[in-house]
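In what follows, a single structure is set out as structure tokens and then discussed.
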Amino acid sequence: MHLLNHRLATGRSAVVCLAALCLLSACTGSGSDKPRALSKPPVWRNIPVAELPADFVDFYPSSMSSSSKALFAASGYLPTTSLDVPQKVFASRDGLRWRDRTPEEMSTAATVQSLAAYESTTWLLGGYGFSTARTALWTTDGDGSSWKSPVLLPRSADTEIPVAVAAGEEGALVVTKVTPGSGKPDEQQAKLRVWLVEKAGRPTTLFETPCGGHEGSEAAAEVLVADDAFHLLTNCTTGDFQPADQLFTSRDGRGWKKELLPDDGNEFDHLARNGDTMVLTGGLADDDVEHTTEPRTWYRRGNDEWHTAAPLDVGCLPDAGVVPRKNQEVLALAPAGSGFVAIGSARATDNSAVGALWFSADGKKWAKQPTRANGFDKLRSLATLTEWKKKVVILGSRRAWETSDPAHARIWIGDLAPGSGSPSPPAARRPLSRFVGTWSWSGARITIKANGSFTYRYLTMVQCSDHTPPCDNGTEMGGRASGTLREGRTVDEAVGTVTDALPNDPAGSSITITREPYMAIDITINKSGYGLFCEPGAHRCSGHLGSG
């Protein structure tokens, strides 16, 4: 078997300079654990939330990946997520405009969606079906508008759920968690299973290892594929809930060797490799109820021993998110150019939290990205990331895992190329351009044209079979009004007049429309709210007035 070649997830033999990502420390003073200043600040573009689809309001990010064709983002399951908020997969060709690319029959229940890419192909690992979901792997060679029929893992008496995926030249490495029986599984008998799923052919089991977990903290893993080796990092516990993480390496995918892990940590969460440099993140578990850790990082060159990196930079006051290290959390790690980027959150004593990002040129020293200046303080955490066309794309979320609040996802794009300077200003918008299109909720829709004219259709709630017009013909809206708009005080506001009478408002009524985040508009007529309208078919505005 040839080695899989997952350059995106494990790092290329990069020649891209990371000068534009380097942090210029704003702190003064010595301090032995303060990373030295790097060359200059990064160039980040905080993509406006209004460019994201309506369903990003409930999108809790779990995984990102990028092929030569498109960027992909998958949502994850949370225990507090209502089942009427389905999990999604979105794709974008430019990082700005995202569209729902969720495969048909992808399970939206308690399962993990993971993404990986190689060249033009993207792989999606998830669940198939809506009763007893089976672990499945979808592929697309484009932007996800067309997915191939999924490869289903063989049926067995065991419970098997998806955990992680990495893609390469011959297919994908898939990691699943297997527990005995189909009832309430015994987490302490869990094991991790590694599969090879070729582009053409049946899934083949390569490796199994015990990996206990416990309810509320299931066994997990990360898998990487480099040019010369496979790496598997397991996140497991013992019978008394103590960390029992392991690192395995294989040259051919079949013979796996257990590697020594650093002895000054016992929890190891994330793994990344760039060239011959490998980085681990994790920490030392506390004994308190929260089971918190003080985050640590380690690095090694080739097959050398592990070295403890400098402590993570806590940032500099008066910036946001400057908290003790035990309140920092690393949620994802990835190679970027010739270095590494780690993202996560910084939590204060009152449980408020903001997003956090660190950069390292060599795995030894980690410099914290300014938080407030980049808008990372607008969300609770930065959750997942991927390298894409000499850029780093980061997806963050406002939602805390223990709440049912909307996620309110946001995207950042950072330029890796040297001398990139400030991003080009967006093209000038024509008046009303942010309102042009069709917007709807379940009981009405409005179509706005570039010249400001609009047509408003609504359900009259009476049927033409037993009522004279205006009336609804089946599901066809019978109510109709038109009018004109002009630009308001800002580009996010339009004002105008409704020419025709509405059930509760006379002809000539004033109308105000404001552009809202996540592809939505809010309509007010004569100072009465008519509701929130989204892109047609969006979950956020379906079923009831003013949802979201």
Side-chain angles (χ1 to χ4, degrees), residues 50 52-59 81-86 88 99-100 102 104 108 130 404-408 432 434-488 492-548:
L52 300 180
D55 285 342
F56 260 91
V57 76
D58 286 314
F59 187 86
T81 301
S82 172
L83 292 180
D84 65 354
V85 181
K88 296 284 188 178
R99 290 293 174 261
D100 188 344
T102 308
E104 294 183 3
T108 60
F130 300 97
S404 58
D405 296 335
H408 286 207
L432 303 178
R434 291 175 61 76
F435 300 90
V436 173
T438 296
W439 311 84
S440 66
W441 68 282
S442 61
R445 69 173 180 267
I446 186 170
T447 299
I448 303 172
K449 296 182 178 180
N451 63 4
S453 64
F454 67 84
T455 301
Y456 178 71
R457 303 301 300 261
Y458 56 93
L459 291 174
T460 64
M461 303 305 174
V462 293
Q463 290 294 310
C464 294
S465 58
D466 55 14
H467 196 276
T468 59
C471 55
D472 304 325
N473 186 9
T475 59
E476 182 180 345
M477 298 175 182
R480 184 184 186 281
S482 61
T484 57
L485 295 169
R486 64 184 185 277
E487 191 170 12
D492 289 325
E493 181 184 80
V495 297
T497 303
V498 184
T499 304
D500 308 294
L502 293 164
N504 297 314
D505 291 292
S509 294
S510 63
I511 181 172
T512 301
I513 302 179
T514 56
R515 187 69 153 82
E516 298 295 325
Y518 308 100
M519 298 300 288
I521 60 173
D522 188 74
I523 298 179
T524 299
I525 298 178
N526 287 343
K527 298 184 179 180
S528 297
Y530 268 58
L532 193 69
F533 290 64
C534 296
E535 300 171 296
H539 173 82
R540 183 186 183 193
C541 293
S542 64
H544 54 282
L545 179 66
S547 62

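Atoms CD and SG, from E476 and C471 in turn, are 9.5 Å apart once rounded to the nearest 0.5 Å. D522 contributes atom CG, which lies 5.0 Å from atom CD of E516 (distance to the nearest 0.5 angstrom). Atom-to-atom distance recorded for M519:CE and W439:CH2 is 4.5 Å, nearest 0.5 angstrom.
Scored by the side chain to side chain donor-acceptor pair (under 3.5 Å) test, T447 finds T438 as partners (sequence neighbours excluded). Residues that satisfy the side chain to side chain contact (heavy atoms under 4.5 Å, CB included) test with D492, not counting sequence neighbours, are R434, T490, R515. Legend: residues meeting side chain to side chain contact (heavy atoms under 4.5 Å, CB included) with S440, ordered by chain and number and at least two apart, are R445, P536. Every salt bridge (charged side-chain N to carboxylate O under 4.0 Å, His left out) that E535 has, sequence neighbours left out, goes to R99.
Here the shortest heavy-atom pairing between V462 and P470 reads CG2-O, 4.0 Å. Of all non-hydrogen atoms in I513 and F435, the two that sit nearest each other are O-CE2, 3.6 Å. Residues I511 and F454 share a closest heavy-atom pair of CD1-CZ, 4.1 Å.
Residues H408 and Y518 have side chains in contact (heavy-atom distance under 4.5 Å, counting atoms from C-beta outward). Here the side chains of I448 and L485 are in contact, with some heavy-atom distance below 4.5 Å.
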Donor-acceptor contacts, no H, no angles, side chain residues 494-506, under 3.5 Å, sequence neighbours left out:
residue, atom, partner, partner atom, Å
D500, OD2, S482, N, 2.7
D500, OD2, S482, OG, 2.9
D505, OD1, N526, ND2, 3.1
D505, OD2, Y530, OH, 2.5

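Screening residues 448-464 for side-chain hydrogen bond (donor to acceptor under 3.5 Å, both in side chains) gives N451-S453, T460-D472 as the qualifying pairs, with residues at least two apart or on separate chains.
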